*Asks:* 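Once you've had a glance at the structure underneath, I'll fire off some questions.
These figures come from a predicted structure and were not determined experimentally. Reckoned from all heavy atoms, side chains included, excluding hydrogens, waters and symmetry mates.
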Amino acid sequence: MITTDFVPGSPCWLDLGAPDVPAAAAFYGAVFGWQYESMDAGEGMEGGMFRNDGKIVAGLGKLTEEGARSAWMIYYSVTDADATTRAVEEAGGTVRVPPTQLDEWGRMAQYSDPQGGQFAVWQPGTNKGVDQVDEPGSLSWTELYTSDAAAARQFYGSVFGWQFSDMEMPGGGGTYTLITPAGLPEERMHGGLMQLAEADLALAHGRPYWHPVFAVADCDEAVARVTASGGNVQMGPDDAEGVGRLAVCLDPSNADFVVLAPPAG
């Protein structure tokens, strides 16, 4: 369960790098009912915020990194971005964007884990993170597809102090590792990681990748809006016992995300 108290190591922000900002704003507006609020990002940068019922749920910006794929970036809350950067390097990760002050809002940095999975951190100032989570149309889970689950556990455990617990997937689907912030009970778990063959990570050319899971009231209706708006479905909709009904989706620029409706009752 993700909450907005944003303890260290918990997801607190996410933004999408898109090649066409207006098109992405229209797509996610159609799928989730989000309202896009353009902001003056300065220096010719194009971007803004998504709101759901008036509450900020994500950011959107122009994809500027040459050769990069359109993707969601997930940010985890930290108390000291510089100390986290040192921990990332000591654990074998790579600094993609060094700690950067964003006015009074806070301090951010972006990294790659040793297998190539990209993620980011946010040291809050006046801005703690998104305003809404775990409600229809907002972030409810984060997930890493990786080529080496054991290495991922070691790296992220070292950087964030995350606690891990394993569960077997139904039908012999392998092991799924659940992630909980340091020192918190399992009901505060915020994400998971799953090992896949490199051939199954073609979306990121064989490298691991994180993606967001968005809560929805009705998975099938959400999937219908995805496809009607020019997106695609990689998997599902499927029912997962005790989890809900979910589908892995791609937006028109192939940024991946999951929609999840909780179990009935």
Side-chain angles (χ1 to χ4, degrees), residues 11-76 96-97 100-112 117-122 126-133 135-140 142 203-205 207 209-216 222-234 247-259:
C12 64
W13 181 259
L14 69 163
D15 53 37
L16 174 67
D20 186 331
V21 167
F27 172 82
Y28 288 96
V31 171
F32 296 119
W34 288 349
Q35 304 85 42
Y36 177 62
E37 182 179 298
S38 181
M39 297 179 66
D40 179 10
E43 300 180 358
M45 299 293 286
E46 183 181 3
M49 307 289 183
F50 283 120
R51 291 183 181 269
N52 187 45
D53 297 328
K55 297 180 179 179
I56 295 174
V57 290
L60 172 63
K62 179 79 172 179
L63 184 66
T64 57
E65 185 178 346
E66 189 170 344
R69 75 178 185 98
S70 182
W72 284 96
M73 180 69 71
I74 299 171
Y75 294 70
Y76 294 94
R96 301 181 61 251
V97 179
T100 303
Q101 188 70 33
L102 299 179
D103 297 325
E104 74 280 4
W105 300 332
R107 193 165 170 81
M108 62 79 70
Q110 295 185 0
Y111 315 107
S112 293
Q118 297 181 0
F119 67 105
V121 298
W122 179 252
T126 57
N127 189 328
K128 307 301 182 186
V130 294
D131 295 332
Q132 185 185 70
V133 294
E135 299 285 346
S138 67
L139 182 69
S140 65
T142 64
L203 199 62
H205 307 292
R207 294 191 306 273
Y209 56 92
W210 287 94
H211 57 210
V213 178
F214 296 113
V216 293
V223 166
R225 292 192 294 270
V226 166
T227 55
S229 303
N232 290 291
V233 179
Q234 277 195 309
V248 182
C249 302
L250 299 174
D251 72 15
S253 296
N254 283 340
D256 57 302
F257 62 97
V258 175
V259 292

*Asks:* Taking all atoms of both residues into account, what is the closest heavy-atom pair of Gly17 and Leu63, and its distance?
*Replies:* C-CB, 3.9 Å

*Asks:* Take Val57 and Phe32, measure what side-chain contact (heavy atoms from CB on, under 4.5 Å) needs, and give me the verdict at the end.
*Replies:* CA-CA 11 Å; Val57 290; Phe32 296 119; over 6 Å; no

*Asks:* Applying ring-ring contact (aromatic ring centres under 6.0 Å, His included) between Phe119 and each of Tyr111, Trp210, Tyr75, report the one that passes.
*Replies:* Tyr111

*Asks:* To the nearest 0.5 angstrom, please state how far the CG atom of Asp131 sits from the CG atom of Asn52.
*Replies:*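 The distance works out to 10.5 Å.
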
*Asks:* Where do Val226 and Leu250 come nearest, in terms of heavy atoms and distance?
*Replies:*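 In terms of heavy atoms, the two residues are closest at CG1-O, 4.1 Å.
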
*Asks:* So Met108 and Trp13, do their side chains get closer than 4.5 Å, heavy atoms only?
*Replies:* no

*Asks:* I'd like to check Val259 versus Cys249 (side-chain heavy atoms, cut-off strictly below 4.5 Å). Are they in contact?
*Replies:*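 In contact.
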
*Asks:* Where the side chain of Glu66 meets the backbone of Thr64, is there a donor-acceptor pair that is under 3.5 Å apart?
*Replies:*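 Judged by distance alone, no pair lies under 3.5 Å.
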
*Asks:* Check step by step if salt bridge (charged side-chain N to carboxylate O under 4.0 Å, His left out) holds for Glu65 and Arg96.
*Replies:* CA-CA 11 Å; Glu65 185 178 346; Arg96 301 181 61 251; 2.4 Å; yes

*Asks:* Quick one: CZ on Phe257 to CH2 on Trp72, what's the gap to the nearest 0.5 Å?
*Replies:*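 Answer rounded to 0.5 Å: 8.5 Å.
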
*Asks:* How long is the gap from CD on Gln132 to CD1 on Ile56, to the nearest 0.5 Å?
*Replies:* 11.0 Å

*Asks:* State, to 0.1 Å, how close Lys62 and Pro19 come at their nearest heavy-atom pair, and which atoms those are.
*Replies:*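 Closest approach of Lys62 to Pro19, heavy atoms only: NZ-O, 2.6 Å.
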
*Asks:* Ignoring hydrogens, what is the shortest heavy-atom contact between Ala18 and Ser70? Give both atom names and the distance.
*Replies:*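 Heavy atoms only, the tightest pair is CA-OG, 3.8 Å.
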
*Asks:* Which atoms form the tightest heavy-atom contact between Ala224 and Thr227, and what is the distance?
*Replies:*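 Closest approach of Ala224 to Thr227: O-OG1, 3.1 Å.
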
*Asks:* Looking at Gly48, is its backbone amide N or carbonyl O close enough to the side chain of Tyr36 to form a donor-acceptor pair, meaning the two atoms are under 3.5 Å apart?
*Replies:* yes

*Asks:* Aromatic rings Tyr28 and Trp34: how do their planes relate, parallel, tilted or perpendicular, breaks at 30° and 60°?
*Replies:* parallel

*Asks:* I'd like to know if the side chain of Thr126 and the backbone of Glu104 have a donor-acceptor N/O pair within less than 3.5 Å.
*Replies:* yes

*Asks:* Looking at every heavy atom in both Ala222 and Val31, which two are closest together, and how far apart are they?
*Replies:*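 The answer is O-CG1, 4.4 Å.
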
*Asks:* Which distance, rounded to the nearest 0.5 Å, do you find between the CD of Gln118 and the CD of Gln110?
*Replies:*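 It is 7.5 Å, given to the nearest 0.5 Å.
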
*Asks:* Quick check for you: to the nearest 0.5 Å, what is the distance between Gln35 atom CD and Glu37 atom CD?
*Replies:* 9.5 Å

*Asks:* Once rounded to the nearest 0.5 Å, what's the spacing between atom CG of Asn254 and atom CZ of Arg69?
*Replies:*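 If I round to the nearest 0.5 Å, the distance is 8.5 Å.
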
*Asks:* So does Lys128 have more than 12 non-hydrogen atoms from other groups sitting under 6.0 Å from NZ?
*Replies:*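 Yes - once you tally the heavy atoms of other residues, nucleotides and ligands closer than 6.0 Å, there are more than 12.
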
*Asks:* May I ask you to test the Leu102-Trp122 pair for a side-chain heavy-atom distance under 4.5 Å?
*Replies:* yes

*Asks:* Flag the pair Leu139 / Val130 as yes when at least one side-chain heavy-atom distance between them is below 4.5 Å, and no otherwise.
*Replies:*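 They are not in side-chain contact.
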
